[in-house]
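So the structure is just underneath, and the comments pick up after that.
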Amino acid sequence: MVVKTRILVPGTIRERVLDRLKDAFDVVRIERADPALLARSEAAGISGIAVSGGLGAAMIEHLPALEIIASFGVGYDGVDVAAAAARGITVTNTPDVLNDEVADTTIGLLLNTVRRFPQAEAWLREGRWAREGAFPLTPLSLRGRKAGIYGLGRIGMAIAERLKGFGIEIAYHTRRPREGVPFAYYPSLAELAGAVDILIAIVPKTAETHRTIGADILRALGPNGVLINVGRGWTVDEAALAAALKDGVIAAAGLDVFYDEPNVPPALLDLPNVSLLPHVASASVATRDAMADLVADNLFAWFERGAAVTPVPETPFTRKAGNGPESLR
């Protein structure tokens, strides 16, 4: 009898992941990533995890045979990577497959914010066009603007390529300048904000990015400025942003992410010059299926070939020989 490698799936995950794994692996489901929900005898046989959401050190330490954590999403801040790395456990994420979708959403959110298209559609649907006449002219436009990208990674580059098609000048800030990039580099976020009138945030959730966009950055962006955040809500001081929007410190903002999702501050909801989306940048069937496939592909690659497809930089490990079956198919 062939003994299948055991994979733990805590909480919910896209059904496609389960469909891909069910024949090759022994999949164990628990309600959430809580060690109390998995007896030690069962925990001892877990070799891999497929997870969408958080996975703390306690859960990782509860699994003595754990080799790989396949995380659903490009951001993996919910996984205690330090705890995994300390034990030589590989963590993977799902980069690249969502770059285009997030970049497309960024441009749509920018247009909605500047040209107020959602409000214009509501004007039509509410019958106000027929009753009151044309929708008011939008005070803002993309014409003649300069965009600053805070975080010029793979998604940031995809956003930049789209912005070029609008004839918008582009600059960026990252910890270090990128080689071969034709855009102007600013060594600090404050300098970038002061040089542009569109600031697009696409940085991950790290200690260094916590509320980096606060009152000082918004003042530097200026009264014609537009903030777009499609990275993490963690990056923005939402109270400072609401005040800046209310007081005319900046002109408008478009947000797909929030500090305490799904809770959106009422101060933002009440403002007319902000466009809000419920964290949907990668939320298409095609993109989420591609993410699900990459979660499964990482697990297959690890247990079949000894190396994951997309390990995160903190865990560049390969599998030790003799840890399990050579082939799963």
Residues Arg115 and Thr138: side-chain donor-acceptor under 3.5 angstrom = yes
task = Could you tell me the separation between the CG atom of Leu299 and the CD atom of Glu304, rounded to the nearest 0.5 Å?
result = 11.0 Å
query = Considering all heavy atoms of both residues, which atom of Gly214 and which atom of Ala240 are nearest to each other, and what is their separation?
reply = C-CB, 4.3 Å
key: Heavy-atom pair with the smallest gap, counting every atom of Ala308 and Asn298   = CB-OD1, 3.5 Å
request  = Check whether Val257 and Leu276 end up in the same hydrophobic cluster, where Ile, Leu, Val, Met, Phe, Trp and Tyr are linked by side-chain heavy atoms less than 4.5 Å apart.
outcome  = no
inquiry  = I want to check something: taking the side chain as every heavy atom from C-beta on, are Ile69 and Thr90 in contact at a cut-off of under 4.5 Å?
reply    = no
message = Can you tell me how far apart CD1 (Ile170) and CZ (Phe183) are? Round to the nearest 0.5 Å.
response = 4.0 Å
key: Derivation of the side-chain contact (heavy atoms from CB on, under 4.5 Å) call for Ile7 and Ile49   = CA-CA 5 Å; Ile7 302 295; Ile49 293 179; 5.8 Å; no
request  = Please round to the nearest 0.5 Å and tell me the distance separating atom CE of Met59 and atom CG of Asp80.
outcome  = 13.0 Å
request  = Using side chain to side chain contact (heavy atoms under 4.5 Å, CB included) as the criterion, list what pairs up with Arg128, not counting sequence neighbours.
outcome  = Trp123, Glu126, Arg131, Glu132
Steps toward side chain to side chain donor-acceptor pair (under 3.5 Å) verdict (Thr235, Tyr150) = CA-CA 10 Å; Thr235 306; Tyr150 174 30; 6.0 Å; no
key: Non-hydrogen atoms of Ile149 and Gly156 that approach each other most closely   = CD1-O, 3.6 Å
Show me the side-chain donor-acceptor pairs of residues 31-46 shorter than 3.5 Å, one per line, residues at least two apart or across chains.
from, atom 1, to, atom 2, distance (Å)
Arg32, NH2, Asp34, OD2, 3.4
Asp34, OD1, Ala36, N, 3.0

message = Keeping Asn93 on the side-chain end and Val74 on the backbone end, is there a donor-acceptor pair under 3.5 Å?
response = yes
Co-membership, hydrophobic cluster, residues Val97 and Tyr76, 4.5 Å side-chain = no
message = Applying a strict under-4.5 Å side-chain criterion to I, L, V, M, F, W and Y, I'd like to know whether Val274 and Leu227 cluster together.
response = yes
task = Evaluate the side-chain proximity of Arg145 to Phe166: yes if any heavy-atom separation is below 4.5 Å, no if none is.
result = no
ask   = Do the numbers put Arg211 on top of the ring of Tyr259, so that NZ or CZ is under 6.0 Å from the six-membered ring centre and no more than 45° off the axis?
value = yes
inquiry  = Let me confirm one number: the CZ-CD distance from Arg87 to Glu61, rounded to the nearest 0.5 Å.
reply    = 5.0 Å
query = Can you pull the side chain to side chain donor-acceptor pair (under 3.5 Å) pairs that have at least one residue in residues 172-186, sequence neighbours excluded?
reply = Lys146-Tyr186
message = In this structure, would Leu241 and Phe258 fall into the same cluster of hydrophobic residues linked by side-chain contacts under 4.5 Å?
response = yes
ask   = Any donor-acceptor pair under 3.5 Å linking the side chain of Asn273 with the backbone of Leu245?
value = yes
message = Is it the case that the side chain of Lys4 and the backbone of Asp23 share a donor-acceptor pair, with hydrogens and angles ignored and the cut-off at 3.5 Å?
response = yes
query = Which pair of non-hydrogen atoms, one from Phe300 and one from Leu21, has the smallest distance, and what is that distance?
reply = CE1-CD2, 4.3 Å
key: Arg154 to Pro95 - nearest heavy-atom pair and separation   = NH2-CB, 3.5 Å
Residue list, side chain to side chain contact (heavy atoms under 4.5 Å, CB included) with Thr105, at least two apart or on another chain = Leu277, Ala281
Residues Phe317, Ile68; criterion side-chain contact (heavy atoms from CB on, under 4.5 Å); working and verdict = CA-CA 10 Å; Phe317 308 130; Ile68 181 171; over 6 Å; no
Under 3.5 Å donor-acceptor, Arg288 side chain and Ser282 backbone = yes
query = Between Val285 and Arg14, does a side-chain contact (heavy atoms from CB on, under 4.5 Å) hold up when you go through it step by step?
reply = CA-CA 10 Å; Val285 171; Arg14 189 158 181 81; 3.9 Å; yes
inquiry  = Could you check whether any side-chain N or O of Thr315 sits under 3.5 Å from a backbone N or O of Val91, counting only pairs where one atom can act as donor and the other as acceptor?
reply    = yes
query = Using 4.0 Å as the upper bound for N to carboxylate O, is an ion pair formed by Asp77 and Arg232?
reply = yes
query = If we only count heavy atoms from C-beta on, is the Ser71 to Thr94 side-chain gap below 4.5 Å?
reply = no
message = Does any part of the side chain of His210, heavy atoms only, come nearer than 4.5 Å to the side chain of Thr212, both counted from C-beta?
response = no
remark   = One should read off an interatomic distance between Asn263 CG and Glu238 CD, to the nearest 0.5 angstrom, of 10.0 Å
inquiry  = Leu255 vs Leu268, test: side-chain contact (heavy atoms from CB on, under 4.5 Å). Steps then yes/no.
reply    = CA-CA 10 Å; Leu255 309 173; Leu268 290 174; 3.9 Å; yes
ask   = Going by heavy atoms in the side chains, are Leu199 and Leu192 under 4.5 Å from each other?
value = yes
message = So which atom in Asp256 and which in Glu261 form the shortest heavy-atom distance, rounded to 0.1 Å?
response = O-OE2, 4.3 Å
ask   = Would you call Arg162 and Asp100 a salt bridge, using N to O less than 4.0 angstrom?
value = yes
ask   = Should side-chain heavy atoms under 4.5 Å link Ile, Leu, Val, Met, Phe, Trp and Tyr, which residues sit in the same cluster as Leu137?
value = none
key: Contact check, side chains of Val51 and Phe72, non-hydrogen atoms, under 4.5 Å   = no
task = Please name the residue in the list Leu163, Val226, Leu111 that meets the side-chain contact (heavy atoms from CB on, under 4.5 Å) test with Leu142.
result = Leu111
ask   = Who are the side-chain hydrogen bond (donor to acceptor under 3.5 Å, both in side chains) partners of Glu191, not counting sequence neighbours?
value = Ser188
Gap separating the OG atom of Ser275 from the CZ atom of Phe117, nearest 0.5 angstrom = 11.0 Å
message = So Arg6 and Ser47, do their side chains get closer than 4.5 Å, heavy atoms only?
response = no
request  = Indicate whether the side chain of Ser284 and that of Thr287 have a donor and an acceptor atom separated by less than 3.5 Å.
outcome  = yes
query = So if you build clusters from Ile, Leu, Val, Met, Phe, Trp, Tyr with side-chain heavy-atom gaps below 4.5 Å, do Leu98 and Val79 land together?
reply = no
ask   = Within a strict 4.5 Å, meaning less than it, do heavy atoms of the Val28 and Val9 side chains meet?
value = no
